[in-house]
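Worksheet: the structure to be examined is printed underneath.
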Amino acid sequence: MRITNICYSQDDGSSPSAANNFIREIIDGDIESGINGGRVATRFPPEPNGYLHIGHAKSIVLNYGLARDYGGTFNVRFDDTNPITEDEEYVDSILEDIKWLGAEFDGRVFYASDYFDQFYIWAVELITKGLAYVDDLSPEQLKEMRGDYNRPGVDSPSRSNTVERNLELFQQMKDGKFGDGERLLRAKIDMKSPNMNLRDPIIYRVLHRHHYRLGDKWCIYPMYDFAHGFEDSIEGITHSICTLEFENHRPLYDWFLDNVTTENRPHQYEFARLNLNYTVMSKRRLLELVERKLVKGWNDPRLPTISGLRRRGYTSESIWNFCERIGVAKRNSTVDIGLLEHSIRTDLNESAPRVMGVLEPLKVVITNFPDNEVIWFDAPLHPEKHEMGTRKVPLTKEIFIEKEDFREDAPRKFFRLKPGGEIRLRYACLIKCEKVIKGPDGNIEYLECTWDPESKGGTSPDGRKVRGTSHWVSASHGQRVEIRLYDRLFTVENPMDTDGSYLDFLNPDSLVVLKNSVVEPYLGSAVKGSRWQFERKGYFYVDPFDSADGNPVFNRTVTLKDSWARIDAAKTKMPEKSVVNKVPELKTEKRDEAVSEISFDDFSKVALKCARVVKAEAVENADKLVRFELDLGEGRLRQIFSGIKKSYPDPSILEGKSVVVVSNLKPRKMKFGLSEGMVLATEIGSEIKVMLAPEGAFPGADVN
RNA sequence: UGGGCCGUCGACAAGUGGCAAGUCACGGGGCUUUGGUCCCCGCAUCGAAGGUUCGAAUCCUUCCGGCCCAGCCA
């Protein structure tokens with residue numbers, strides 16, 4: 001007898017534990033040196049003044065993951081020290097989102113506002129130690145005396161007040177003897193510090209405002225820098241993790257903790273916040289989109305908010321997975337939204353049942369199909385997971401297929417239905433297009449097809465090859481539904497990084513509502529919140545708010561990867577092999593005959609066209625020249641040189657943008673090659689700026 | 001121009017002096033009743049220049065580039 005002993009290591013790569021990162025290294029070091037007795041306590045400290053977004057999810061996953069993996073604790077703490085912006089509504093939504101994400105806090109929900117009494121005691125301790133003083137500077141004076149990066153600050157006259165006087169004044173602040181802004185409590189640190197945060201920062205301000213939890217109990221409120229470390233200390237937090245912009249605040253965090261009597265000494269560590277392209281992530285921006293009604297609320301599926309993603313159909317697992325794979329580091333970075341989409345596709349590919357839905361219906365009449373017959377086919381709900389079972393799909397004489405699955409003038413690689421062509425109706429049979437029926441306006445009204453009764457189930461009876469398979473729905477049995485197609489909110493990768501307002505780059509097609517879509521009868525009973533794959537079209541989520549029993553409304557979570565769409569798009573843009581690096585002389589000479597040189601007294605003959613910048617690079621050995629490769633929708637790329645180098649040291653930022661080109665100039669031979677036209681630019685002061693056409697302008701479109 | 005932080009493939013990101021992980025994207029091929037999934041293959045000398053070393057992405061020096069800080073916001 002032979003015994004085979006196979007040992008699997010604990011970490012075989014399949015375990016979901018998060019990748020290593022610098023914070024884990026710090027914790028490993030702390031545990032090794034016995035700091036905090038090896039205890040790990042983290043927290044997620046949102047301010048209740050907005051909804052959570054996926055950037056917060058990154059923080060939650062980080063903090064919760066640390067506590068989980070090190071056997072520690074995880075707190076949720078509302079950092080509610082500013083009564084002006086905070087609200088109960090946000091507390092509720094934040095808690096809901098954290099729960100939905102699956103970070104268990106087990107009742108460990110805390111509020112900074114519960115610590116105000118203790119904060120007050122510590123403030124008094126600082127005053128008593130001569131480390132804080134009450135000031136009466138106006139905002140203007142305060143700003144002026146703080147100095148700037150190159151100019152040290154100046155001590156306020158109040159800085160030398162006695163401890164007794166400060167104690168008395170602070171008590172009066174608390175007792176409401178002063179109006180808003182009339183007095184401040186300041187830490188006495190160093191007005192000459194190169195770190196502006198240390199120039200006697202404000203600890204308490206007078207604010208006669210109603211706090212959403214405490215009502216009117218207080219009229220003085222602590223500032224973040226003073227409060228945050230204390231909040232951590234009170235809760236026994238060991239590792240206080242925040243984002244990069246707080247790095248300059250860490251000396252302050254430490255200063256407060258070191259100058260007051262506390263039991264626990266937490267430490268602050270900073271990591272890079274999450275940025276995603278084609279969207280905006282700051283609370284201020286999201287709030288603006290919501291308030292200006294550019295989206296339909298905080299949970300609009302186009303928003304990167306947790307509630308928006310949830311309504312879009314994202315699963316918490318996919319968000320969790322995404323947050324783990326993007327990593328944690330100190331480098332500012334922008335993650336490709338494609339990675340988020342990949343996360344949800346991976347999840348839904350596994351779990352979503354497959355069904356058929358026709359987004360934009362085109363009617364097909366199967367002429368040789370018996371008039372009132374209905375054939376029910378069994379169709380599996382998942383191609384790999386048989387255990388998910390099957391459902392029945394009815395085939396009738398009249399059906400709908402997807403409009404884009406038929407083309408009259410089909411390109412060579414178009415495997416779908418075309419006149420005289422044959423395709424398979426998924427799970428059902430083979431049909432052949434016999435006739436295209438058009439209306440008086442020339443639009444296609446419907447298609448007449450014939451079916452091969454021998455092909456039931458979709459197999460070809462004689463082994464003939466049928467490349468295309470289309471999804472379809474019976475016209476008589478299908479159900480008309482509303483489907484919402486979502487796309488990226490902005491047309492540019494970094495909306496915040498553009499000239500002008502980011503709002504100028506909102507994608508007008510970020511939401512497309514389809515009212516005439518048709519789905520197979522099985523979906524009539526789809527329950528709210530369920531997720532489906534419409535074969536070949538994408539993953540869809542039954543909107544929990546707008547759906548009714550028996551009448552689902554579908555939100556498209558994400559499309560399927562579509563390699564045909566890529567081929568097709570590339571084809572219509574550049575039908576033949578694109579000319580990239582060299583412009584063939586021959587071709588150019590032919591062009592010469594067609595395009596005549598013009599002079600400026602004949603300005604009306606100037607042809608201005610939009611062109612998409614495919615490539616833009618500085619020309620080596622030329623002082624001013626930038627070489628463009630431009631798509632004017634001509635099936636080839638044009639090379640144009642432009643003297644704009646000094647204003648565009650890195651011309652590649654223009655790639656993907658649309659510019660305006662004088663297209664009918666005689667090509668000019670230059671030292672570096674042929675220049676076929678002129679890119680319009682304007683001089684602004686000493687800068688030369690290229691004139692940009694609207695994003696997404698069709699290459700070759702005329703400019704008036 | 002003061003201080004703090006950061007520069008590894010198109011996008012993220014491991015790597016901590018011994019021959020540059022992984023993921024996404026991209027390209028090529030296979031399979032396929034989803035142009036989906038899946039499978040295979042390809043894809044960087046580490047911001048630059050000097051130096052230390054047998055050996056450097058990792059250490060030193062200088063330079064270049066990016067981000068953050070002058071709220072009684074967090």
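Lettering follows sequence order; numbering is per chain, from 1. Since we're looking at a predicted model, the values are computed, not measured.
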Starting from [atom2] on [N], measure out to [atom1] on [X] and report it in whole angstrom.
X        : N     : atom1 : atom2 : answer
A/Asn349 : B/U37 : CG    : P     : 7 Å
A/Met196 : B/G71 : CE    : P     : 7 Å
A/Arg536 : B/G35 : CZ    : P     : 5 Å
A/Leu340 : B/A11 : CG    : P     : 18 Å
A/Leu198 : B/G4  : CG    : P     : 12 Å
A/Asn332 : B/C69 : CG    : P     : 11 Å
A/Glu324 : B/A13 : CD    : P     : 15 Å
A/Asp232 : B/A74 : CG    : P     : 15 Å

Quick one: label [X] by what it contacts on the DNA or RNA (base, sugar-phosphate, nothing), any heavy atom closer than 4.0 Å.
X        : value
A/Pro383 : base
A/Tyr221 : nothing
A/Arg354 : base
A/Phe414 : base
A/Val466 : nothing
A/Asp148 : base
A/Thr334 : sugar-phosphate
A/Thr459 : base
A/His249 : base

Closest non-hydrogen atom pair between A/Val280 and A/Pro304, with its separation:
O-CG, 3.3 Å
Where the side chain of [X] is concerned, which of [options] is the nearest nucleotide?
X        : options             : answer
A/Phe246 : B/A14, B/A74, B/A25 : B/A74
A/Asn197 : B/G35, B/C69, B/C68 : B/C69
A/Ile326 : B/C12, B/C72, B/G35 : B/C12
A/Leu184 : B/C72, B/U1, B/U34  : B/C72
A/Glu247 : B/G4, B/A70, B/U37  : B/G4

Position toward the 5' end of RNA chain B (nearest nucleotide), A/Lys330 or A/Glu384:
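Upstream on the strand: A/Lys330.
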Between A/Glu25 and A/Pro222, who's closer to the 5' end of RNA chain B by nearest nucleotide?
A/Glu25
OP1 or OP2 of [N] under 4.0 Å from side-chain N/O of [X]:
X        : N     : answer
A/Arg416 : B/G35 : no
A/Arg146 : B/C72 : yes
A/Asn277 : B/C12 : no
A/Lys143 : B/G71 : yes
A/Ser470 : B/U34 : no
A/Ser333 : B/A13 : yes
A/Lys283 : B/A74 : no
A/Arg205 : B/A74 : yes
A/Ser193 : B/G3  : no
A/Arg566 : B/C26 : yes

Distance check, [atom1] atoms only: [N] and [M], in whole angstrom units.
N     : M     : atom1 : answer
B/G47 : B/C12 : P     : 14 Å
B/U45 : B/A57 : P     : 12 Å
B/G10 : B/A70 : P     : 34 Å

Quiz question: by atom type and distance under 3.5 Å, do the side chains of A/Asn277 and A/Thr334 form a donor-acceptor pair?
no
A/Ile337, A/Asn494, A/Val492 screened by side chain to side chain contact (heavy atoms under 4.5 Å, CB included) with A/Tyr278, the one that passes:
A/Ile337
Please answer whether B/C69 and A/Tyr149 are stacked, defined here as ring centres separated by less than 5.5 Å and planes angled under 30°.
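Given the distance and angle limits, yes, they stack.
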Could you tell me whether the side-chain ring of A/Tyr224 sits stacked on the base of B/A74, using a centroid cut-off under 5.5 Å and a plane angle under 30°?
no
Watson-Crick or G-U wobble partner of [N], both distances under 3.5 Å:
N     : value
B/U62 : B/A48
B/C67 : B/G4
B/C12 : B/G22

Please confirm whether A/Arg213 makes a cation-pi placement over A/Tyr111, using NZ or CZ under 6.0 Å from the six-membered ring centre and within 45° of the ring normal.
yes
Stacked cation flag A/Lys392 on A/Phe377, 6.0 angstrom / 45 deg
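No.
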Pair A/Phe534 + A/Phe554: ring centers closer than 6.0 Å:
yes
Between B/C68 and A/Asn248, counting only base atoms on the nucleotide and side-chain atoms on the residue, is there a donor-acceptor pair under 3.5 Å?
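Counting by modelled atom types and ignoring angles, a donor-acceptor contact under 3.5 Å is found here.
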Has the side chain of A/Glu350 got a donor or acceptor atom sitting under 3.5 Å from an opposite partner on the base of B/U37?
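Side chain to base: no pair below 3.5 Å.
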Detail all sub-3.5 Å separations between protein N/O atoms and N/O atoms belonging to nucleotides 28-32 of chain B.
none

Just by distance, do the side chain of A/Ser517 and the backbone of A/Leu359 share a donor-acceptor pair under 3.5 Å?
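Yes, the answer is positive, given that a donor and an acceptor are paired below the 3.5 Å cut-off.
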May I ask you to say whether [X] pairs ionically with [Y], meaning some side-chain N is under 4.0 Å from a carboxylate O?
X        : Y        : result
A/Glu182 : A/Lys177 : no
A/Glu144 : A/Arg151 : yes
A/Glu402 : A/Arg536 : no
A/Asp69  : A/Arg24  : yes

Filtered N/O pairs between nucleotides 21-23 of chain B and protein, under 3.5 Å:
| from | atom 1 | to | atom 2 | distance (Å) |
| --- | --- | --- | --- | --- |
| B/U23 | O2' | A/Arg325 | NH1 | 2.4 |

Are any of the side-chain heavy atoms of A/Leu523 and A/Trp532 separated by less than 4.5 Å?
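Answer yes - side chains close enough.
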A/Tyr115 vs A/Glu235 side-chain heavy atoms within contact, under 4.5 Å
yes
Could you give me the CA-CA distance, side-chain angles and deciding distance for A/Tyr120 and A/Phe116, then say whether ring-ring contact (aromatic ring centres under 6.0 Å, His included) is met?
CA-CA 6 Å; A/Tyr120 185 80; A/Phe116 282 4; over 10 Å; no
Since syn is defined as within 90° of 0, does B/G71 count as syn or as anti?
syn
